[in-house]
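A short write-up of the structure that comes next.
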Amino acid sequence: MEYRSENGNIVIEKSDSFVISQTLECGQCFNFEKLGDEDYVLTAFDRVLRLYEKDGKIIFEDTTEEDFKNIWIKYFDFEKDYSGIKSFLSQRDKTMKEALEYAPGIRILNQDFFECLISFIISQNNRIPMIKKVVANLSRRYGRYIKTVDGKDYYSFPKAEDLAGISEEELMESKTGFRAKYIIDAVNRALTGEIDEEKFAALSTEEARKLLMEIKGVGPKVADCVLLFSLGRSDAFPTDVWVKRVMSHFYFDGKDTPVKAIHSFAYDMFGEYAGFAQQYLFNYARQFKIGA
DNA sequence: ATCCAGGCCCGAT
DNA sequence: ATCGGGCATGGA
């Protein structure tokens, strides 16, 4: 990973395997704000980062080399070779190739486990702008103030400890809706250590999925999102309404298809890179409202 | 107004 | 094992 330090910022060359807007706006994360064209502020791992494009470069503003090395390289998956993954996927299938050409700058983020879990619990039967609002509400109320960027205050996403003992009624003040009780269950299991990021390392993707689904409010889709976006399981294939639509449309003759059949097809077609395929397809489907 | 959103729970079959 | 209703909330 080539980077250099410059006036307190970290600078990398722009590449077609990383476009800020595509990576942040493709529905995998919710803790960010758009300031302008290819200019964003995001919160992750107790840091607030403004990053933007300028003169063919990408600037990580007010960031130390330590943070870049220890946090952002992993977060943005910069150690992975996306050109290899993308060429594999685009050779598999024509639809996949088009989805990739539409948004070649999407990278699968490695997000904080607890934040990812709670965020995707919130995501169920919800819309992305609303999910972002709830995540921001929880951060402002229970997280820690980090810094102010462009006149707006940013807060870290709360830890399980920060949410300990909070009542369902209070959580609903942050507009969590019926998911409040699910958040409480996730928090409790995290606090007892029953659900702990360390535990997952020893488990297969399928075993990890089962463990996650013990949490109330975590079903197959939310579990797969957590596996893919925070536990590095690129074989997970989160299948929501949009992925169902795009898969049915392109691979099942437009027929409504059970998730199970979609999964086996995806694993067969995209193998260990199914998760990447899923994200490019999801983005593609949503932009062009395929099947809607 | 009615419908629906990066679903899941729960009770009925 | 599978199916359908219900669910907080707010935007179209």
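All figures in this text were calculated on a predicted structure; none of them were measured in a lab. In what follows, every heavy atom counts, from backbone to side chain, and hydrogens, waters and symmetry copies are set aside.
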Between [N] and [M], how far apart are the two [atom1] atoms, rounded to whole Å?
N: B/dG6; M: C/dA12; atom1: P; value: 13 Å
N: B/dA1; M: C/dG11; atom1: P; value: 16 Å
N: B/dC10; M: C/dA8; atom1: P; value: 13 Å
N: C/dG5; M: B/dC3; atom1: C1'; value: 15 Å
N: B/dC4; M: C/dG4; atom1: P; value: 15 Å

Starting from [X] and following side-chain heavy-atom contacts under 4.5 Å between hydrophobic residues (I, L, V, M, F, W, Y), which residues can be reached?
X: A/Ile12; result: A/Met1, A/Tyr3, A/Ile10, A/Phe18, A/Ile20, A/Leu24, A/Phe32, A/Tyr40, A/Leu42, A/Phe45, A/Leu49, A/Leu51, A/Ile58, A/Phe60, A/Phe68, A/Ile71, A/Trp72, A/Ile73, A/Tyr75, A/Phe76, A/Phe78, A/Leu109
X: A/Met172; result: none
X: A/Tyr52; result: A/Val11, A/Ile59
X: A/Tyr155; result: A/Tyr145

Check salt bridge (charged side-chain N to carboxylate O under 4.0 Å, His left out) between [X] and all other residues, then give those that pass, not counting sequence neighbours.
X: A/Glu169; answer: none
X: A/Lys210; answer: none
X: A/Glu53; answer: A/Lys14

5' to 3' on DNA chain C, which nucleotides open and close the contacts with chain A (atom under 4.0 Å from a heavy atom)?
-> C/dC7 to C/dG11
Here the ring-ring contact (aromatic ring centres under 6.0 Å, His included) pairs for residues 168-225 of chain A, sequence neighbours left out, are A/Phe113-A/Phe200
Can you list the residues that meet the side chain to side chain contact (heavy atoms under 4.5 Å, CB included) rule with A/Glu272, with sequence neighbours excluded?
-> none
Interface with DNA chain B, restricted to residues 103-114 of chain A and to heavy atoms under 4.0 Å | none
Hey, is CG on A/Asp256 packed in by over 12 heavy atoms from elsewhere, all under 6.0 Å?
-> no
N-O pairing of A/Asp224 and A/Arg209 below 4.0 Å = yes
Contact letters for nucleotides 4-13 of chain B, in which S counts primed atoms plus P, OP1 and OP2 and B counts the base, heavy atoms under 4.0 Å = BBBBSSS---
